[in-house]
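Accompanying notes for the structure given below.
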Protein chains: 2
Amino acid sequence: MSEPKTPDAAAPRGPVKKHARNGKSSATIYDIAKVAGVNPSTVSRALSKPGRVSAKTQKLIEDAAAELNYHVNPFARALPTGRTSTFGLIVADITNPTFFDIIRGAETTATARDYTLVLAESAESAVTELKAARRMMATVDGLILASPRMDDDEIRALARDKPVVVINREVDGVPSVVPDVNKGISEAVRSLAANGHTKVAFVAGPPQSWMSARRWEGVQAACEWSRVDAVRLESTKPTVDGGRQVARDVRASGATAVLTYNDLLAIGLMQELQAAGMVVPDQISIVGFDDIFGADFTTPPLTTVRSPLGECGSVAATLLLGLLHDSGEPASTVRVETELVLRGSSGRLLPAG
Amino acid sequence: MSEPKTPDAAAPRGPVKKHARNGKSSATIYDIAKVAGVNPSTVSRALSKPGRVSAKTQKLIEDAAAELNYHVNPFARALPTGRTSTFGLIVADITNPTFFDIIRGAETTATARDYTLVLAESAESAVTELKAARRMMATVDGLILASPRMDDDEIRALARDKPVVVINREVDGVPSVVPDVNKGISEAVRSLAANGHTKVAFVAGPPQSWMSARRWEGVQAACEWSRVDAVRLESTKPTVDGGRQVARDVRASGATAVLTYNDLLAIGLMQELQAAGMVVPDQISIVGFDDIFGADFTTPPLTTVRSPLGECGSVAATLLLGLLHDSGEPASTVRVETELVLRGSSGRLLPAG
DNA sequence: CTGAAAGCGCTTACAG
DNA sequence: CTGAAAGCGCTTACAG
């Protein structure tokens with residue numbers, strides 16, 4: 001008697017939900033339409049673009065939606081519109097604290113505007129980066145590339161598909177946000193020169209790093225201005241470990257002050273130099289870049305050229321959101337200011353002996 | 001003559017793509033079907049579950065797909081299946097380096113298995129966290145909650161909808177991965193006792209923190225075993241700043257050694273104590289928890305009970321992936337080991353004066 | 001092994 | 001302001 005063989009009792013079509021759906025699968029606009037006594041298309045309008053529906057109907061629908069605990073299905077919404085309210089952020093290295101603030105800045109801005117942030121990393125590899133970017137392109141409305149390692153052309157190709165904003169690099173035709181190194185660097189070099197240093201080494205970052213090139217240019221220019229010699233040293237990788245490894249070359253260079261591509265290198269370099277018995281800054285001054293978390297934990301605390309990383313992340317997100325909404329913005333570069341943060345790792349050279 | 005008014009010339013339906021699609025919108029399985037001379041459903045089979053199609057047809061389809069530079073539309077795929085190949089990670093605080101390694105561990109594992117990681121933070125608020133979780137639930141296949149601040153019941157409710165894995169907390173019925181604090185803590189307390197300390201303070205973390213409670217229990221148990229007094233102090237927030245603020249209470253407590261809920265607190269506490277002229281570890285020993293990035297930058301470098309955070313992240317991702325694929329796994333707790341990392345911030349108490 | 005068809009849950013011209 | 005219908009690009013029982 002129970003379980004009569006009505007057509008309704010037929011096995012449901014549709015995909016089998018693996019996870020227990022607790023009996024009730026989630027409500028759709030059809031359920032709301034039924035409850036509110038209107039057409040599903042009206043529900044869609046009321047829910048997706050308020051104002052196109054009479055106040056009375058709007059209320060009816062909203063009440064029904066609340067009652068049924070309705071949530072849009074983002075996939076169903078994305079399919080016809082192509083919009084996902086999601087954007088991607090690809091960073092060169094998730095383990096590098098430089099990016100933490102960028103991530104946070106972007107995440108905060110995204111969430112505030114009801115966007116979801118999807119994160120991936122390139123592990124400093126142009127190939128991995130492009131793969132990640134391609135994969136993300138399918139699911140996001142736009143992309144932020146922090147310190148990308150790809151070719152300009154690859155970045156422009158991505159930007160042709162969907163809005164792209166670049167951080168820490170300038171790419172012709174693609175909007176970007178870059179710290180303007182000049183102010184910070186000239187402050188740093190001037191401070192070094194004032195402390196009697198006449199030969200400065202710059203430890204470079206990855207060869208593909210646009211920012212590393214800019215910093216080296218800035219150092220050269222500032223040194224020329226201050227009549228200080230500048231030599232360039234290469235690092236194997238832009239990490240604490242890379243900093244340790246470059247210590248040899250630094251000593252061999254004869255420089256009495258060194259600026260490094262980033263703080264990680266500076267910290268590693270300082271550790272290695274100190275382990276070899278050198279006193280910082282009495283025997284050598286060290287200046288990093290970025291002012292990452294932990295830069296002031298060292299002994300002595302690290303002097304560094306601060307980049308406003310969190311600001312970069314949130315400005316990039318804001319730019320992207322702008323591109324997404326009031327389209328047609330001209331691609332442009334936003335510059336954010338850098339500044340010298342003078343701490344204990346740089347100072348006057350003490351006469352030997 | 002050109003542009004005859006055939007039905008084909010009618011304005012296309014479908015949504016208007018805002019961003020230039022460069023003429024050609026991306027290929028679909030219908031395009032492939034046409035090129036390969038098969039039915040779209042066969043294309044779908046070949047591409048989504050290889051093996052269900054003859055080798056010959058498979059090749060035909062793959063070639064066509066390559067030629068057309070085909071990429072699945074994840075939304076179209078998600079709509080009928082409900083699967084998204086995405087999972088969410090919610091961390092208590094994006095600015096807290098504790099989570100960086102967790103994020104990296106989870107991201108690496110996710111990417112290796114062709115999953116995409118979506119990130120959100122709760123800003124240490126149970127309300128924000130629940131909101132983020134609810135929002136994510138719509139778009140992910142599963143969720144990892146790192147140090148969640150919600151109620152057990154709220155977590156179980158989420159876990160009823162989709163697979164959930166928790167890090168740094170145990171919730172009945174929900175799989176989790178937690179560092180087993182006992183080994184690390186007893187090593188720490190034993191070391192302190194051996195150095196002559198007889199009164200130890202524990203600076204607690206947020207009241208909602210499950211892990212803070214476990215650590216306090218562990219400290220009490222280990223102190224009892226080693227016949228050391230243990231007092232508990234409260235912090236306002238689990239950050240460097242919170243550590244500075246608790247310095248007063250630490251001095252007032254009369255303890256000669258202190259363990260803090262996390263490294264951030266330890267670092268802040270050490271800074272403040274040193275600023276007040278105290279010598280670490282001669283006058284007071286400090287031991288943190290986690291061994292975050294930068295814990296060894298301090299002077300003296302921080303002794304800490306290391307949690308394998310990266311491992312937590314990747315184990316959690318692996319658990320989740322397991323739940324997603326070979327369903328029916330029993331919910332269980334995976335314990336990962338902690339260990340004392342002995343550095344300079346703890347040691348023998350120097351007789352005053 | 002493969003085709004033909006229905007359906008996933010939305011959005012949006014098109015008419016009224 | 002609102003209904004009815006078509007379509008977004010897939011997947012998957014259902015038949016052969």
Side-chain angles (χ1 to χ4, degrees), chain A residues 7 10-18 21 24-34 36-61 64-65 68-85 138-139, chain B residues 7 10-18 21 24-34 36-61 64-65 68-85 138-139:
Chain A
R13 290 289 305 279
V16 181
K17 317 280 181 176
K18 219 175 179 180
R21 291 315 230 92
K24 47 172 186 268
S25 79
S26 45
T28 71
I29 58 171
Y30 293 91
D31 301 319
I32 298 179
K34 212 168 294 172
V38 297
N39 189 281
S41 56
T42 304
V43 176
S44 172
R45 283 186 202 102
L47 263 25
S48 59
K49 31 184 70 174
R52 299 189 139 295
V53 142
S54 78
K56 193 183 127 201
T57 311
Q58 182 79 33
K59 171 125 179 52
L60 229 47
I61 290 171
L68 296 173
N69 188 27
Y70 170 81
H71 297 286
V72 269
N73 178 324
F75 304 107
R77 174 170 284 179
L79 194 47
T81 61
R83 278 180 288 101
T84 67
S85 293
T139 58
Chain B
R13 291 289 306 281
V16 181
K17 318 279 180 177
K18 219 174 178 183
R21 292 314 231 92
K24 46 171 185 271
S25 79
S26 44
T28 70
I29 58 171
Y30 293 91
D31 301 320
I32 298 180
K34 214 169 291 171
V38 298
N39 188 282
S41 54
T42 304
V43 175
S44 171
R45 282 185 204 102
L47 263 25
S48 59
K49 33 185 70 174
R52 301 189 137 295
V53 143
S54 78
K56 192 182 128 200
T57 312
Q58 182 78 32
K59 169 124 180 54
L60 228 50
I61 289 171
L68 295 173
N69 187 28
Y70 171 81
H71 297 285
V72 270
N73 178 325
F75 304 107
R77 173 170 285 180
L79 195 47
T81 62
R83 275 180 290 100
T84 67
S85 293
T139 58

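Just so it is clear, the model here is predicted, and its values are computed rather than measured. In what follows, every chain begins at residue 1, and chains take the letters A, B, ... in the order their sequences are listed.
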Taking 4.0 Å as the cut-off, does a side-chain nitrogen or oxygen of S41(B) come that near to OP1 or OP2 on dA5(C)? no
Quickly work out the R45(A) CZ to dA15(C) P distance and round it to whole Å. 15 Å
Please pick, from dT11(C), dT12(D), dC10(D), the nucleotide with the shortest atom-to-atom distance to any side-chain atom of A76(B). dC10(D)
Using purine N1 to pyrimidine N3 plus N6-O4 or O6-N4 for Watson-Crick, or N1-O2 and O6-N3 for G-U wobble, each under 3.5 Å, what pairs with dC14(D)? dG3(C)
Rounded distance in Å - CG (N39(A)) to P (dA13(C)): 16 Å
So does S44(B) get a side-chain nitrogen or oxygen closer than 4.0 Å to the phosphate oxygens (OP1/OP2) of dT11(D)? yes
Is there a side-chain contact between N73(A) and L79(B) in this structure, where contact means two heavy atoms from C-beta onward sitting under 4.5 Å apart? yes
Taking the nucleotide of DNA chain C with the nearest heavy atom to each, does V38(B) or Y70(A) sit closer to the 5' end? V38(B)
Could you check how far CG of L60(A) sits from C1' of dC1(D), rounded to whole Å? 14 Å
Taking OP1 and OP2 of dC1(D), is either one under 4.0 Å from a side-chain nitrogen or oxygen of T57(A)? no
Please examine the side chains of V38(A) and V53(A), heavy atoms only from C-beta on, and report whether any two atoms are closer than 4.5 Å. no
Side chain of P80(B) only, heavy atoms from C-beta on: which candidate in dG3(C), dT11(C), dC10(D) is closest? dC10(D)
What is the distance, rounded to the nearest whole Å, between atom CG of D31(A) and atom P of dG9(C)? 9 Å
Would you indicate whether the side-chain heavy atoms of R77(B) and S85(B) approach each other to under 4.5 Å? no
In whole angstroms, the gap separating C1' of dA4(D) from CD1 of I29(A) amounts to 13 Å
Spacing between Y30(B) atom OH and dT11(D) atom C1', to the nearest angstrom: 10 Å
What interatomic distance, in whole Å, is found between C1' of dT12(D) and the corresponding atom of dG16(D)? 16 Å
State whether S54(B) places a side-chain N or O below 4.0 Å from either non-bridging phosphate oxygen (OP1 or OP2) of dT2(C). yes
Hey, could you give me the CG/CZ distance between N39(B) and R45(B), rounded to the nearest 0.5 Å? 7.5 Å
With a 4.5 Å cut-off on side-chain heavy atoms, are V43(A) and Y30(A) touching? no
Between T42(B) and dG3(C), is there a side-chain N or O to OP1/OP2 distance below 4.0 Å? yes
Rounding to a whole Å, what distance do you find between L79(A):CG and dA6(D):P? 17 Å
To the nearest angstrom, the CD1-P distance between I61(A) and dT11(C) comes to 12 Å
